[in-house]
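Here the structure comes first, spelled out in C-alpha cells, and everything after it is commentary.
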Amino acid sequence: MAADGIVVIGAGPAAAAAAIGLARMGEPVTLVGEPRRFAAVEGVSARVLGALHGLGLEQAMGAFAPPSPRRVRWNGMPSEANRESLVDRQLFDRGVLDDLERLGVKVVRGHVAEVASAPGCHEIRVETPGGMQTLAADFIVEARGRAAPGGGLPRVRGAETVSLLQYWQGPSGSAHSAVQSCEDGWAWMAALADGRRYLQLTLDVRSAALPPKKALAGYCTARLRDIDAALPFLRGAEPVGEPHARTSTPVLNEVLAGDDWIRVGDAAMAVDPLSGNGIFQALSSALQAPAVVATLRHDPARAALARRFHQQRIEHLFYRFARIGRDFYAQETAWADRPFWQLRRGWPDAEPLHRSVIPAEVTVARRPVLHRDRIVEADVVLTPDQPQGIWHLDGVPLASALLAVRAALPGQPVREALAAALNLPIERAAGLIEWMHRQGWIADLG
C-alpha cells in the first residue's frame, strides 16, 4: 500500500493547526477525524480568536458567540474581570473540517478504529460513512485529545478529577457564562443565545462519592440547584438526555515524539480546565509541530534536537498551566481542609509561576530553536523565568546583545558598545538596553 505521507489523526484545533502548518510548508498531509461525539460548549479569549483567524479557519470562527462577561464567584468574592466567546464544539469541529478542505488539506471524515504501527509505516483503519477505509502513512501526528491511546508510555498525572457535563434547554437569550466554587469542587455554566445551557461540575474522583450511572442525572440536578450562580441558568430550563462524565485530570506524556510520530494538543498534555481553556492549550502545543515534523522527516541529523525542542516546550507549557491552576485553587480558603482543595492547592510543586530575575542568574547557552521551518541550535538567553531561552527580539539576537553589553570596556557607554558590536543605530541600541534592564538582565542602563 502506498503511503499517504503525513496523517494527522484528530479533528479539533490542535489537529487543524498542525495540518494547516504542514500544508503551508508543502508537506503531503491528510487529516483523519470527526467532530466530537458529545455536545459541549467552551469559552475562549480574544487571543485564541486571533490565532484561529491566522490559521484561516473562517467557517469554524462563525461558531463563536460575541464576547460576553464571565461571572466568577470564588472564595466568596464576585468578579466579572474576564470576557470570553462561547462556542458549540460540535459546530466548531464541523467548521474546521470544511475549512481544511477549502484550504487544500485532504480530509477523510470518519472514526479511527485502529492504528497499526511499524518503523516507518503506519496503517490507519477508518470507519467512514462509505465503509471501512485504510490509509498508510510514513508519519503520524496524534491529535485525538484525551481519547488518544497512551501507547504504554509513561505519564505525569495530577489529582484525579472528573467533570460531569449536563445539557439543559431553556428560553433563548444572550450568551453568557459563570463559575462558582463549592465545598467539593467547582461549577462552570454557559448559556447560548438559542437557549441551550451547559452546566458542568468538576469534582475529585476519590472523594466525590458519585452515585451509579442511572442516578447521575438526578445527582447533577440536585447539586446544581444548590449553587447560586447556576440558578439563572436553570430557570425555565429542563435537562436533556444524560450527563456526560469525562476526565479532567491533568496529564503529561513523558515521551512526545519519535522518529516517525509526534503528539500534540491534549494527546500530548491535558491540563485542568480551571487553568486555561482547552482550545488555547491545544493551539499552544500544536503550532510548533510542523517545524518539528519537517525536521524529523528531512533532517535526521537534527532529529534528537527536534524531539528535545518539542518535549521541553510541551513540558514548560504543562507546568505553567498547572501552576496557574494551583494558584487559583489556593485563593479559595473557605474549604482549604477539604480533600478536593487540599490535593490541588499544592500540586504540581511549590515553584512560583513567575520568578524574579537578577543579572547573576542570566546566562547564555546553546538550545534548540525554530528557524525557517526547521529546528536548529543557537545561542539563547536563559533566565529563571524563561528556562527554554529567548533567542530574538525584533530580529536582534539577544545572546549576542547581552554578551556585547557585558563586554563593554570600563567607562564605555553600554549603548555604544552594543551599537558597535551589532551594527545597530544608537537609538535602537538604547531601547534594547532599556528592555534588558526591565527584564532584570543588566544592572544599570549605562
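Numbers here simply count residues along the sequence, with the first being 1.
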Presence of salt bridge, Glu351 and Arg326, under 4.0 angstrom: no

Sidechain-backbone polar pair: His371 side chain, Val369 backbone, donor-acceptor under 3.5 Å: no

Nearest-0.5 Å distance, CG of residue Leu103 to CG of residue Leu57: 7.0 Å

Backbone of Gly120 reached by a side-chain donor or acceptor of Asp260 within 3.5 Å: yes

Atom pair OG (Ser177) and CD (Glu84), whose distance is rounded to the nearest 0.5 Å: 3.5 Å

From CA spacing to verdict: side-chain hydrogen bond (donor to acceptor under 3.5 Å, both in side chains), Gln439, Thr383: CA-CA 10 Å; Gln439 304 307 307; Thr383 75; over 6 Å; no

Under 3.5 Å donor-acceptor, Arg24 side chain and Leu55 backbone: yes

Smallest separation among heavy atoms of Ala208 and Leu203, with atom names: CB-CB, 4.0 Å

Pair Arg109-Glu34, salt bridge (Lys or Arg N to Asp or Glu O under 4.0 Å): steps then yes or no: CA-CA 6 Å; Arg109 300 177 188 239; Glu34 61 180 350; over 6 Å; no

Contact check, side chains of Leu22 and Phe139, non-hydrogen atoms, under 4.5 Å: no

Test item: Ile442 and Arg406 side chains (from C-beta on) under 4.5 Å apart, heavy atoms: no

Under 3.5 Å: donor-acceptor pair, side chain of Glu142, backbone of Arg144: yes

Beyond-backbone contact of Ile375 with Leu370, side-chain heavy atoms, under 4.5 angstrom: yes

Residue pair Trp261, His122: steps toward the ring pair (Phe, Tyr, Trp, His ring centres under 6.0 Å) verdict: CA-CA 9 Å; Trp261 61 271; His122 308 271; 8.8 Å; no

Nearest-0.5 Å distance that lies between atom CG in Leu199 and atom CH2 in Trp188: 9.0 Å

Backbone of Ala229 reached by a side-chain donor or acceptor of Gln180 within 3.5 Å: yes

Distance, nearest 0.5 Å, that separates CG of Asp272 from CD1 of Ile324: 11.0 Å

Arg70 backbone acceptor or donor facing Asn82 side chain under 3.5 Å: no

Min side-chain heavy-atom separation Thr249-Thr161 under 4.5 Å: yes

Residue pair Leu274 / Arg344, side-chain heavy-atom distance below 4.5 Å: no

Side chain proximity check, Trp186 to Pro273, heavy atoms < 4.5 angstrom: yes

Side chains of Asp99 and Val105 in contact at under 4.5 Å (non-hydrogen atoms): no

Residue pair Ala51 / Leu283: nearest heavy atoms and the distance that separates them: CB-CD1, 3.9 Å

Of all pairs that satisfy side chain to side chain donor-acceptor pair (under 3.5 Å), the ones with a partner from residues 288-305, not counting sequence neighbours: Glu27-Arg297, Glu27-His298, Asp138-Arg297, Gln288-His310, Asp299-Arg302

Spacing of Tyr198 atom OH and Asp88 atom CG [to the nearest 0.5 Å]: 5.5 Å

Any donor-acceptor pair under 3.5 Å from Thr202 side chain to Ser163 backbone: no

Reference residue Val44; test side-chain contact (heavy atoms from CB on, under 4.5 Å); the match among Phe280, Phe92, Phe64: Phe64

Gln90 side chain vs Ala40 backbone, donor-acceptor pair below 3.5 Å: no

Electrostatic pair Arg94-Asp98, nearest N-O below 4.0 angstrom: no

Separation of Ile433 CD1 from Leu424 CG (nearest 0.5 Å): 9.5 Å

Side-chain touch Val381/Gln386, heavy atoms, less than 4.5 angstrom: no

Asn253 side chain vs Ala268 backbone, donor-acceptor pair below 3.5 Å: yes

Pair Glu332 + Arg338, salt bridge at N-O below 4.0 Å: no

